[in-house]
Amino acid sequence: MNIAKSIQDAVLHSLESLYGGSFTEKDFQLNHTKSEFEGDYTIVLFALVKSIKKSPETLGEELGQHLTQYYPQLFSAYNVIKGFLNLTVCDNYWFELVQRNHLDICYGKQPMNGHKIMVEYSSPNTNKPLHLGHLRNNFLGWSVAEILKANGFDVIKSCIVNDRGIHICKSMIAWQLFANGATPETTNTKGDHFVGDYYVKFNEEYKRQIQELIASGMNEAEAEKNAPIMLQTQQMLVDWENGKPEVLELWKIMNAWVYKGFDATYQSIGCDFDKKYYESDTYLLGKDIVQDGLNKNIFYKKEDGSVWIDLTADGLDEKLVMRKDGTSVYITQDIGLAKQKYDQYHIDQSIYVIGDEQNYHMKVLKLIAQKLQFPYANDIHHLSYGMVELPSGKMKSREGTVVDADDMVEEMISTAKALTTSLGKVKEFSEAELEELYKTLGLGAMKFYLLRVDPKKKMIFNPEESIDFHGFTGPFIQYTYARIQSILRKENNIGKPINHTLLPLEKKLAFQLEQFPSAIMDAAKELNPSAVANYLFVLSQQFNSFYAEHSIANAESADAKNFRLQLASMTANVIKSGMQLLGIQVPSKM
RNA sequence: GGUUCGGUAGCUCAGCUGGAUAGAGCAUCAGCCUUCUAAGCUGAGGGUCAUUGGUUCGAAUCCAAUCCGAAUCACCA
């Protein structure tokens, strides 16, 4: 049980024995005491004034009296200022908390709760390489999965690969037209970039052909429809769907190139999946569901044979669920896949990490599932995250302002290298250890930068700021960890402190350590890794302040030294497991 | 136009289940390395919390309206 809950219970009991009647947690507010006042926790009394009919000051006095008298193991002092009752928690509470947990590497984690959740994230298209937006998606999905695991959920990480469709055919056509048989091997290019280059070539050629047609007197819309390369591409998609062998063959080869490239990227950023779905396997799913919906009169057929659902009563529009030629559309496939996930894994909840541009789509998906009365309909959850923009505005692939994932990783690692070299603190490291360190720091900085902000909000990616390793950054926290390790290497046997009066900075640190379990519970509840990032930053700041003010190795007494070693050890463990939830490693030296 | 989301310091962001004088980081300025890692610490300046009205003992936080910005409303995925 955490301290806030203990205090809440104590206050409830005191209120009941002082004033009779029954109270709930909602009858008063429990806050952290602001640093300019004496105390640890504050009861805001105003809300009680009405029901108890005493002045806030009297109420505070009476309650403070009662609490310190009947809960001496919890409270050592109190004071009342205006309508606020400030309570000081006994030193012994913090002392024992640290004593008990300073070696526990599982501190803050919850036991398994029997609930199974699937987290789908990443979901790349196989016609171009991953970019900054994918990185935010990957880090978020991975981290949310880890945070849920730490809170006792059984988590399956999944990914839907969009491996078919017109966009893939564009790259394929361009390759046929321009590649002359080139491959990633012959050109020494990473597979996903290689294929992406042909996607770009397609667009260049397409644009050129449109201009040509316009020059010969066609209007723009006509030109867009009739450009030969577009007609070829559309024909290729038809051929693919009809299973034309040479088209399938090329499709497989080019996708294999892309997968090889993706795997290298996923490997480098430490991203993995338990289950991969491929759209080429799932795009036919959902057709039987359409029939089912027709039978139940949830869907209806128009004269041309296309099938629709009317969502106008729910504030949305009419939505197509099957084309007149009987092929399924995006939403239909998604309904099919949602069902498949549920049938295969018997999950209790399905979380989709997808950009907020798809809010409408995901709303429709859930609504249709609800109308079809699927048992899992209410457990579909869209973790909607905001787009990543540049200071100059949106990233546009057409204008070449897209920040490539691989370039980004490389740049962060080389920044880490440059800074580490200039500081010259790890001269004894071997070449391999150095490479490892640069990667730890570079990736740490990048992941932290993308995870430290609220997922729901769009974020501005500032290239200069992102390579800063000072302040609210991953390396700052990694540095704090490395500092502690340096101390613990030298002072490796921690004795048991017997009696020690906590100094303010020590107590502040212990207080923050006490918050860790509830911080990761909140992060799970909100599906928000930034809560963990913020927590770890504050913890590190507090450790560093403490470190600058008080010596650990040369503490005033043996008890003080042992207690501070325990504090340091617990801080390091919390940093390590917290960073682990963000997918960030911590170095023991940097 | 409808729907949804957002607007807090020069910049990037916390805070939003209503509570005390609105917080960090970056940037700027001033200090701190003969003792545990200065990727650090201490301090200063910097704010009409978009605007207006409402609810209340109390509003950045809740409600309404307005202004500004974004996403979306495809027989694309």
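Lettering of chains follows the sequences in order, A, B, ..., and the numbering in each one begins at 1.
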For the base of B/rA20, is there a side-chain donor-acceptor partner from A/T42 under 3.5 Å away?
-> yes
Indicate, with a heavy-atom threshold strictly under 4.0 Å, whether A/E491 touches base, sugar-phosphate, or nothing.
-> nothing
Is A/Y547 stacked on the base of B/rG40, with ring centres under 5.5 Å apart and planes under 30° apart?
-> no
Classify the glycosidic conformation of B/rC16 as syn or anti, calling it syn when the angle lies within 90° of 0.
-> anti
Do the numbers put A/K34 on top of the ring of A/Y41, so that NZ or CZ is under 6.0 Å from the six-membered ring centre and no more than 45° off the axis?
-> no
If we take the P atom in both B/rC16 and B/rA60, what is their distance in whole Å?
-> 14 Å
Distance, P atom - from B/rC75 to B/rA70, rounded to whole angstrom | 25 Å
A/Y360 aromatic ring stacked with six-membered ring of B/rU3, 5.5 Å and 30° = no
Check every atom of B/rU37, B/rC13, B/rC76 against the side chain of A/I166 and return the nucleotide holding the closest atom.
-> B/rC76
Distance between P atoms of B/rG46 and B/rG53 (Å, rounded) = 27 Å
Aromatic-base stack, A/F476 on B/rG40, cutoff 5.5 Å, angle under 30 | no
Spell out yes or no: do the side chain of A/N86 and the base of B/rA20 have one donor N/O and one acceptor N/O closer than 3.5 Å?
-> yes
Rounded to whole angstrom, note down the P distance from B/rG19 over to B/rC29.
-> 37 Å
In whole Å, what separates the P atom of B/rC63 from that of B/rU17?
-> 11 Å
From the options B/rA77, B/rC13, B/rA20, select the nucleotide whose nearest atom is closest to the side chain of A/M459.
-> B/rC13
Taking the six-membered ring where the residue is Trp, are the ring centres of A/Y199 and A/H167 under 6.0 Å apart?
-> no
Lys/Arg cation over aromatic A/Y283: A/R164, 6.0 Å, 45° cone = yes
Lys/Arg-Asp/Glu bridge criterion (N-O < 4.0 Å) met for A/K302, A/D304 | no
Gap between atoms CG and C1', on A/L488 and B/rC36 respectively (whole Å) = 10 Å
Rounding to the closest angstrom, what is the interatomic distance between B/rC5 and B/rG10 at atom P?
-> 28 Å
With respect to the side chain of A/E357, which nucleotide from B/rU72, B/rU37, B/rC75 is positioned closest?
-> B/rU72
Taking the six-membered ring for Trp and the full ring for Phe, Tyr or His, determine whether the centres of A/Y449 and A/F461 are under 6.0 Å apart.
-> yes
With respect to the side chain of A/R483, which nucleotide from B/rA38, B/rA20, B/rU12 is positioned closest?
-> B/rA38
Can you tell me the distance, in whole Å, between the CG atom of A/N359 and the P atom of B/rC5?
-> 9 Å
Checking all strands, does A/T420 fall into the base, sugar-phosphate, or nothing category for heavy-atom contacts under 4.0 angstrom?
-> base
What is the distance, rounded to the nearest whole Å, between atom NZ of A/K458 and atom C1' of B/rU4?
-> 14 Å
Out of B/rA20, B/rU12, B/rC16, whichever nucleotide has its closest atom nearest the side chain of A/E36 = B/rA20
Nucleotide nearest A/K82 when distance is taken to its side chain, options B/rA24, B/rU37, B/rU21 = B/rU21
A/D454 (side chain) and B/rC13 (base): donor-acceptor pair under 3.5 Å | no
Strand partner of B/rU28, provided both Watson-Crick or wobble distances fall under 3.5 Å = B/rA44
Integer-rounded Å distance: B/rU17 P and A/K26 NZ | 14 Å
Separation between the P atoms of B/rU8 and B/rU51, rounded to whole Å | 10 Å
Send over the distance from A/D317 CG to B/rU4 P, rounded to a whole Å.
-> 13 Å
Euclidean distance, atom CZ of residue A/F563 to atom P of B/rC36 [Å, nearest integer] | 22 Å
Indicate whether A/F472 forms a stack on B/rA24; treat it as stacked only if centroid distance is below 5.5 angstrom and interplanar angle below 30 degrees.
-> no
Interatomic distance where CG belongs to A/L367 and P belongs to B/rU72 [whole Å] = 20 Å
Among A/E556, A/E549, A/E491, the one residue meeting salt bridge (charged side-chain N to carboxylate O under 4.0 Å, His left out) with A/R564 | A/E556
Closest nucleotide among B/rC75, B/rA14, B/rC36 to the A/A553 side chain = B/rC36
Round to a whole Å and report the spacing from NE2 of A/H361 to C1' of B/rA77.
-> 9 Å
B/rG40 to B/rC49 separation - P atoms, rounded to the nearest Å = 32 Å
Where do A/F448 and A/F472 land on the ring-ring contact (aromatic ring centres under 6.0 Å, His included) test, with the steps shown first?
-> CA-CA 9 Å; A/F448 197 87; A/F472 187 20; 5.4 Å; yes
Taking a pair as Watson-Crick or G-U wobble with both distances under 3.5 Å, which nucleotide is matched to B/rG69?
-> B/rC5
Side-chain N,O (A/K34) to OP1/OP2 (B/rA20) below 4.0 Å | yes
Across the strands shown, which category fits A/L441 at heavy-atom distances under 4.0 angstrom: base, sugar-phosphate, nothing?
-> base
